[in-house]
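Notes for the one structure printed next.
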Protein chains: 2
Amino acid sequence: MAKSKSKVGIGDIAREVNLSKTTVSYALRGKQDQVNLSPETVEKIHQAAKRLGYRPNYWARALVSKETKSVGVLFNDLTGSAAHEITRGIQEVLGFHGYETMLSVSFWEEAKCRKELKLMLEKRVDGIIATPQPICEDSYAAAVDEGVPVVFIGDYSVSSKIPSVVLDPEDAIYKLLNHLHQVGHRDIGFLTVDFNSPILTEREQVFKCGLKKLGLECKDNWIHRAELANEISVFENVRNLMSQEDRPSALVCISDPVAMQALGELARLEISVPDTLAVASIGNIEGSDHPFFSLTTVDECRVDLGREAARILLKKQDGSYNETPSIRIKGPLITRASTVGASLRPKR
Amino acid sequence: MAKSKSKVGIGDIAREVNLSKTTVSYALRGKQDQVNLSPETVEKIHQAAKRLGYRPNYWARALVSKETKSVGVLFNDLTGSAAHEITRGIQEVLGFHGYETMLSVSFWEEAKCRKELKLMLEKRVDGIIATPQPICEDSYAAAVDEGVPVVFIGDYSVSSKIPSVVLDPEDAIYKLLNHLHQVGHRDIGFLTVDFNSPILTEREQVFKCGLKKLGLECKDNWIHRAELANEISVFENVRNLMSQEDRPSALVCISDPVAMQALGELARLEISVPDTLAVASIGNIEGSDHPFFSLTTVDECRVDLGREAARILLKKQDGSYNETPSIRIKGPLITRASTVGASLRPKR
DNA sequence: CTGTTAGCGCTTTCAC
DNA sequence: GTGAAAGCGCTAACAG
């Protein structure tokens, strides 16, 4: 029976089997070939270890071997399935290379973000993958400064040289615009949120450029900006947009959550989608495909995002490059009922 | 400027300021009063530490102080907002007591679950909070065996003596049943999933008892069981239920995700909710309150779940008790349009 | 007020 | 084939 908390160490095992700590250490780590241990010895050691309830001490190991084979992953948020999918992608490639992952959340709090980052550095992680929080720029920079590579995921930073992996905004917006154009829309509005994020800003800019390239007009009063994380504000903006004399026939939303709220308000206003207003956005989040509101969107490919971020870290590790190769993943357009086909809601 | 990766240790600082490692150690940890250090000395040390880019080594610290003040948190899943809220609750109380949290996910994979648990033990966490995975029972038991307390969250285990914190199934189902009864329903069906989880099983049993207590009939053909994580199966079950001669006027679903899928199918079948069929469930997950389907449900109080789990661990730590006090939290009934008020969908 | 001296549990030369 | 010894970076008695 395992003994409670009474730390069994490698030394105890050595004593038990009348061998040295060295031998035990090798046997326990399966490095028997490195020193040519006899199978019986190895077996005997394993037996004893099990009998005594031995449990290796991660810290002692990390301390002496001076490496942890671990990377820290810091999310701002654990809601939705983003963290799940990103982590999946990260662990898939990192796990394959023998790396362990340390997860944490900042809840969008600056102090928490800094604290978690600091903890990761103290734990001597080999790299960090994070959903960036603009205000903590300097903390990420500090990590890089200390030789711990950082990769941003889902968004990027304009002011720092930290590499990032994001869904290609240009590609995504163009896919949306082309799709809407193809199904006959010429008057396209934009609904975004009041949050100063590089990726969101870029989506907006690309939207404007895209309209021009298609030879469409980009009216200022068709671009609305709701308050962040305030659904009431989204509702209001939708109402304002639709109460204008001159209103668009299609609406591109900055992200799925916003689009889903917009669809809700449109339903309340009894505005038929997509007949009166087609709606499309970016994300393909969990729940964006539902019989009640089936949203045309560009898939963010979050598992791929995770995979690529991990690959960058791996390459940095083995010195494959010291450049900062940001990656932009192109996601597929998912065409659904909010832009084509039967009306989303039964006619009155 | 911080020096890259060239590990600055406490010794380097000591040399720099011509003091002993001990003094430096105390100063750096703010334990100056324990040994009466002069403010100047402390200041000088901090200066030097900053100048050299010193970063404490978590592992070395943990190794010698033989405590980590940390608890491991293992989720089966990171989708939805459950992990977010639970973690919030946990960190709120644990953080207050100086504990750190180590997050991880098993993705419902047995091997991953065991691996993460093992890692936590090797890292010598002081406790573990986990969403149980029935098949890994023995791994949790091993932790307890080694003196590391485990608390289950969100579900429990019938075969082990591990304490748990869950939403009270009896209370929840009764609230649902009473509500439906009050608004006039006498024929109530049940839709669950084919997953052998203690908490889900208990909800079902309580449902049956509850019906009896209300003097209502519990017809076997009103209880349906869909395949786990298979929405098609939920759809089929809803169709089957509603195509019976004799069908209920209300349906209690085992959880919000199931209820939301059911509502989708009901919409397709053009069955009006709540007029023809009222729907209610348990969870109050993100997205259960939406203009398109506003679900009556019992809030799972996930932040509270996290808080309580953390409190149990804390009490175990300081030896307040060695009993296994499982906690059942009573969540409020959230009455929404799927059971009362205007029809969820506009009439045809 | 500060320094000396032991380790924590483990890995890893290097010698036998 | 195996072991002795020297630390990894830090803390904590116990002396001065």
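Chain naming here is simple, since letters A, B, ... match the order of the sequence lines and numbering starts at 1 in each.
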Restricting to nitrogen or oxygen on both sides, can you table the protein-nucleotides 4-7 of chain C pairs closer than 3.5 Å?
from: C/dT4; atom 1: O4; to: B/Thr22; atom 2: OG1; distance (Å): 2.6

Checklist entry - Do A/Arg311 and A/Glu308 sit within salt-bridge range, that is, some charged N less than 4.0 Å from a carboxylate O? => result yes

Next on the checklist: At 4.0 Å (heavy atoms only), tell me whether B/Tyr54 reaches a base, stays on the sugar-phosphate, or touches nothing.
Outcome noted: sugar-phosphate

Next on the checklist: If you assign each of B/Ser65 and B/Leu19 to its closest nucleotide in DNA chain C, which residue comes earlier from the 5' end?
Outcome noted: B/Leu19

Checklist outcome for this item: Sequence neighbours excluded, the answer for side chain to side chain donor-acceptor pair (under 3.5 Å) partners of A/Ser65 is none

Checklist entry - With sequence neighbours left out, what residues match B/Ala83 under side-chain contact (heavy atoms from CB on, under 4.5 Å)? => result A/Leu78, B/Phe75, B/Leu78

Next on the checklist: So, using salt bridge (Lys or Arg N to Asp or Glu O under 4.0 Å) as the criterion, who are the partners of B/Asp12 when residues are at least two apart?
Outcome noted: B/Arg15

Checklist entry - Which part of the nucleic acid, if any, lies within contact of B/Asn18, taking any heavy atom under 4.0 Å across all strands shown: a base, the sugar-phosphate backbone alone, or nothing? => result sugar-phosphate

Item to check | Residues touching DNA chain D, which here means a heavy atom under 4.0 Å, drawn from residues 23-41 of chain A | outcome: A/Thr23, A/Val35, A/Asn36, A/Leu37, A/Ser38, A/Thr41

Item to check | Non-neighbouring partners of B/Asn76 that pass side chain to side chain donor-acceptor pair (under 3.5 Å), sequence neighbours left out | outcome: B/Ser106, B/Thr131

Next on the checklist: Checking A/Ser164 now: which residues fulfil side chain to side chain donor-acceptor pair (under 3.5 Å) with it, not counting sequence neighbours?
Outcome noted: A/Ser326

Checklist outcome for this item: If each end axis of the helix from C/dC1-D/dG16 to C/dC16-D/dG1 is fitted on five C1' pair positions, the angle between them, to 10 degrees, is 30°

Item to check | ring pair (Phe, Tyr, Trp, His ring centres under 6.0 Å) partners of B/Tyr99, counting only residues at least two apart | outcome: none

Checklist entry - Do A/Tyr26 and A/Ser20 come within less than 4.5 Å of each other through their side chains, counting heavy atoms only? => result no

Item to check | Donor + acceptor pair across side chains of A/Arg114, A/Ser139 (<3.5 Å) | outcome: yes

Item to check | DNA chain D: 5'-most and 3'-most nucleotides touching chain A, 4.0 angstrom heavy-atom criterion | outcome: D/dG1 to D/dG9

Checklist entry - Are a donor atom and an acceptor atom from the side chains of B/Glu85 and B/Ser81 found within less than 3.5 Å of each other? => result yes

Item to check | Pairs flagged by side chain to side chain donor-acceptor pair (under 3.5 Å) wherever residues 30-40 of chain A is involved - sequence neighbours left out | outcome: A/Ser38-A/Thr41

Item to check | Residues forming a side chain to side chain donor-acceptor pair (under 3.5 Å) with A/Tyr58, sequence neighbours excluded | outcome: A/Glu100

